[in-house]
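As the structure is a computational prediction, the values presented were derived from the model and not from experiment. Just follow the structure's listing: the first ligand is 1, and inside any ligand the first atom is 1.
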Amino acid sequence: MPSERQVRVGTVPIGGGAPVAVQTMTKTETADLAATMAQIHRVAEAGADIVRVAVPRDKDVEALQTIVRESPIPVIADIHFNHTLALKALDAGAHCVRLNPGNIGGPDKVAEVIAKAKQVGTPLRVGVNSGSLPAHLRQLEYDNPVEALVTAAVETVELMERLDFRDFKVSMKSTSVPNTIASNRLLAERIPYPLHLGVTEAGTKWSGSLKSAVGLGTLLADGIGDTIRISLSTFHAEEEVKVAWEILKALKLRERGPVLIACPTCGRLQFDMDSVVAEVERRLEDYEDAIEVSVLGCAVNGIGEARHADFGITGAKDAGAIYSKGEMIRKVPTENLVDELFAEIDKYYAAGKKVIRDEAAAAEARAWLAENEDATAMTPERLAAMEAAAARENVALDETASPVAGRRFTRAPA
Ligand code: SF4
């Protein structure tokens, strides 16, 4: 269920059924305008909808005005501890200000920031962090960390409502993936405001991407979450954006750029597929359309599960073939597979998204495929298909034989 309420961060709607927005945070010193703007342009190009910048000093808030003016995407000012900086960031035109009301210096200071946000019409992101819950929730945090996090978030929401402010989204950050999932599920049931999702301090590009994919992917698959940030220990913020997009694309929540599918390879492989897949992935970065491209390590299985791909290649030791939507296009030498694949993709776009097929070349490719196909080989794909068929058959038998649909036994237990 999308959040009931929606806020707008600059031009980007968050919540209320809007597409899940991708955000990231710059890693530069914000006051270093050249470095910060260069990074903002890189993340925008990678697909960030919104960018957040840290504003810990006066010189950062001074730079903020220029950043907001020059940034191609809306800018969120990230403020901790100092409510004066929050006021200045709102005056500087930030499209949103992120703060944790619990660490901004007390109720009067929170009220001052809210009054200013209302006056300038700027939304806030308010949140709580598992590492800094208020003192009265310490025991609850010990007994039930999820409930403690949710209680802190609900108290923050109630504080905003008492101040008659509703233009905000909410975040609850935890380093624990299970707690992130459980707490956001609970919070989504309790409040109507948009949720910002993230696993805080997730880790390196490898482990952090996996943790985020599991934590955020689970929530997003449930329809929970309106904007996401992948926190990775890298100076290259665009990497966070790429991971966020892969999660959204995998869940079919948003489309951006091509989708590459590739077999996992096995002992039937006869060419350097590692390099081929890496090269295809690199060259696909130049394309914006959401075409699906498949790379198969061999043709023993025919085109198998890659039948629906817009374009694909499969190869053997000396030759391979290019196909589109399950139909062969032509046979090519293995060393030219990647170049010829992209030549076909470019022809397709030049022809107004039409696959150009030469019947003689296609027939040669079909003959090559027939030679290389082996209907008797036990490929991973065929094994998976057989297992799936067997499982379906078992369920059907169980459902026929048992009075209780879906039960796993067909005989009365002894
Ligand atoms: S049998 Fe399947 S997994 Fe193995 S190389 Fe061929 S396509 Fe890839």
Subject >> Sidechain N-carboxylate O distance under 4.0 Å for E340, K331 >> reply: no

Original post:
Taking the six-membered ring for Trp, are F311 and Y348 parallel (under 30°), tilted (30 to 60°) or perpendicular (over 60°)?
Top reply: perpendicular

Subject >> Minimum-distance pair of heavy atoms, taken over all atoms of E240 and T24 >> reply: OE1-OG1, 2.6 Å

**OP:** Could you check if a side-chain atom of L137 sits within less than 4.5 angstrom of a side-chain atom of E155, using non-hydrogen atoms only?
**Re:** yes

Subject >> Sphere of radius 2.8 Å around atom 8 (Fe) of ligand 1 - protein N, O or S atoms inside >> reply: C263 SG

**OP:** Give a yes-or-no answer on whether the side chains of T36 and T30 include a donor-acceptor pair shorter than 3.5 Å.
**Re:** no

Original post:
Is the shortest distance from a Lys or Arg side-chain nitrogen in R190 or E147 to a carboxylate oxygen in the other one below 4.0 Å?
Top reply: yes

